[in-house]
Amino acid sequence: MKRIVILISGRGSNMQAVVQRCAAEGWPAQIAAVIANRPDAGGLDFARGHGIATTVVDHRAHASREAFDGALADAIDRFAPGLVLLAGFMRILGPAFVQRFEGRLLNIHPSLLPAFTGLHTHRRALAAGCKASGATVHFVTSELDHGPIVMQSVVPVLPDDDEASLAARVLATEHVIYPLAVRWFVEGRLRAEDGLVRQTDGASQLLLG
Ligand code: GRF
């Protein structure tokens with residue numbers, strides 16, 4: 001049984017998708033805790049309602065990024081997880097934190113990495129005239145929104161799209177690819193080699209939405 005800790009900052013819809021798929025598909029995994037950096041993160045209610053332990057490590061209560069990272073890492077380690085998921089977690093984590101969880105730390109980012117790292121991905125994809133966008137599940141390394149890619153989804157950018165409509169189309173695919181990538185991890189069906197991640201059954205690591 002792999003123990004999973006999920007970090008959120010807001011509504012936590014990706015966290016919910018992982019919790020639901022884990023239960024519905026009987027993964028060899030248990031969601032050990034949901035940890036938020038904000039007490040008002042909407043996803044905390046969902047977690048509590050599902051009997052999942054929750055913790056808040058408020059970044060505003062810490063004097064420095066390093067102090068927050070350290071407190072967060074200690075809170076995570078109390079649940080002894082084999083996998084830590086960033087799911088809409090809106091704080092940049094420093095190199096010491098990333099190193100502590102390296103190889104068992106995944107993130108989902110709402111763009112086709114390596115394009116549009118950072119914030120406002122949909123606005124920037126529209127401004128660039130992109131005809132496709134998508135989402136990426138990747139292992140976290142100390143470079144922001146980089147790291148070995150596990151799975152990507154691709155969706156069209158439609159002529160009438162605005163930020164909200166594109167975000168919604170991408171988010172629907174996030175809810176498919178993040179649980180799938182996590183399932184592969186907990187079932188030991190991912191191999192990393194030379195910075196590239198391979199699905200060992202040969203399943204497609206691309207979802208065309
Ligand atoms: C998602 O689009 C995720 O990719 C990004 O922030 C959003 C979080 O949504 N990092 P939610 O909290 O999972 O609903």
Side-chain angles (χ1 to χ4, degrees), residues 4-23 31 33-50 52 54-59 72 76 83-93 97-98 101 105-127 130 132-157 161-183 185 205-207 209:
I4 302 175
V5 167
I6 308 179
L7 307 189
I8 63 168
S9 293
R11 72 189 156 185
S13 69
N14 278 292
M15 173 272 292
Q16 295 180 30
V18 169
V19 168
Q20 281 161 346
R21 299 317 310 158
C22 179
I31 312 302
V34 170
I35 300 179
N37 66 305
R38 308 175 57 98
D40 59 352
L44 288 171
D45 284 339
F46 172 91
R48 288 185 197 113
H50 284 72
I52 299 168
T54 60
T55 303
V56 174
V57 183
D58 193 334
H59 61 277
L72 179 63
I76 294 170
L83 178 62
V84 179
L85 304 179
L86 306 182
F89 188 71
M90 303 304 284
R91 304 298 298 174
I92 293 175
L93 297 162
F97 180 97
V98 171
F101 297 102
L105 183 57
L106 288 173
N107 181 40
I108 185 148
H109 183 76
S111 79
L112 288 172
L113 292 175
F116 307 124
T117 60
L119 296 175
H120 309 303
T121 55
H122 306 302
R123 190 187 309 170
R124 288 156 63 207
L126 288 167
C130 293
S133 190
T136 304
V137 179
H138 66 99
F139 282 98
V140 176
T141 57
S142 39
E143 199 181 345
L144 177 69
D145 295 330
H146 281 71
I149 291 173
V150 178
M151 185 161 189
Q152 290 187 305
S153 60
V154 177
V155 300
V157 177
D161 267 337
D162 57 18
E163 224 177 315
S165 63
L166 180 56
R169 192 174 308 118
V170 171
L171 188 67
T173 69
E174 294 182 42
H175 297 161
V176 178
I177 67 170
Y178 210 7
L180 188 51
V182 173
R183 181 176 180 170
F185 183 96
Q205 291 169 258
L206 170 66
L207 172 76

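Note that these values count all heavy atoms, side chains included, but never hydrogens, waters or copies made by symmetry. Counting starts at 1 for both ligands and their atoms, in listed order.
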Asks: Tell me: protein heavy atom nearest atom 7 (C) of ligand 1, and distance?
Replies: Arg11 NH2, 4.2 Å
Asks: Side chains of Val150 and Phe185, heavy atoms from C-beta outward: is any pair under 4.5 Å?
Replies: no
Asks: Ile108 near ligand 1, heavy-atom distance under 4.0 Å?
Replies: yes
Asks: Among protein heavy atoms, which lies nearest atom 12 (O) of ligand 1, and at what distance?
Replies: Gly12 N, 2.9 Å
Asks: Should His109 be counted as touching ligand 1, given the test is an N or O pair under 3.5 Å?
Replies: no
Asks: Assess, by modelled atom type and distance only, whether the side chains of Thr121 and His109 contain a donor and an acceptor separated by less than 3.5 Å.
Replies: no
Asks: Atom 5 (C) of ligand 1: which protein heavy atom is closest, and how many Å away?
Replies: Pro110 CD, 3.8 Å
Asks: Considering heavy atoms of the protein only, find what lies nearest to atom 6 (O) of ligand 1 and give residue, atom and distance to 0.1 Å.
Replies: Gly88 CA, 3.8 Å
Asks: Say whether, by atom type as modelled, one donor and one acceptor occur between the side chain of Gln152 and the main chain of Thr136 under 3.5 angstrom.
Replies: no
Asks: At what distance, to the nearest 0.5 angstrom, does CD of Glu174 lie from CZ of Arg169?
Replies: 13.0 Å
Asks: Nearest 0.5 Å please: distance from the CG atom of Leu106 over to the CG atom of Leu86.
Replies: 8.0 Å
Asks: Without swapping roles, check the side chain of Ser153 against the backbone of Leu207 for a donor-acceptor pair under 3.5 Å.
Replies: no
Asks: Could you name the option among Met90, Met15, Glu174 that has the heavy atom nearest to atom 2 (O) of ligand 1?
Replies: Glu174
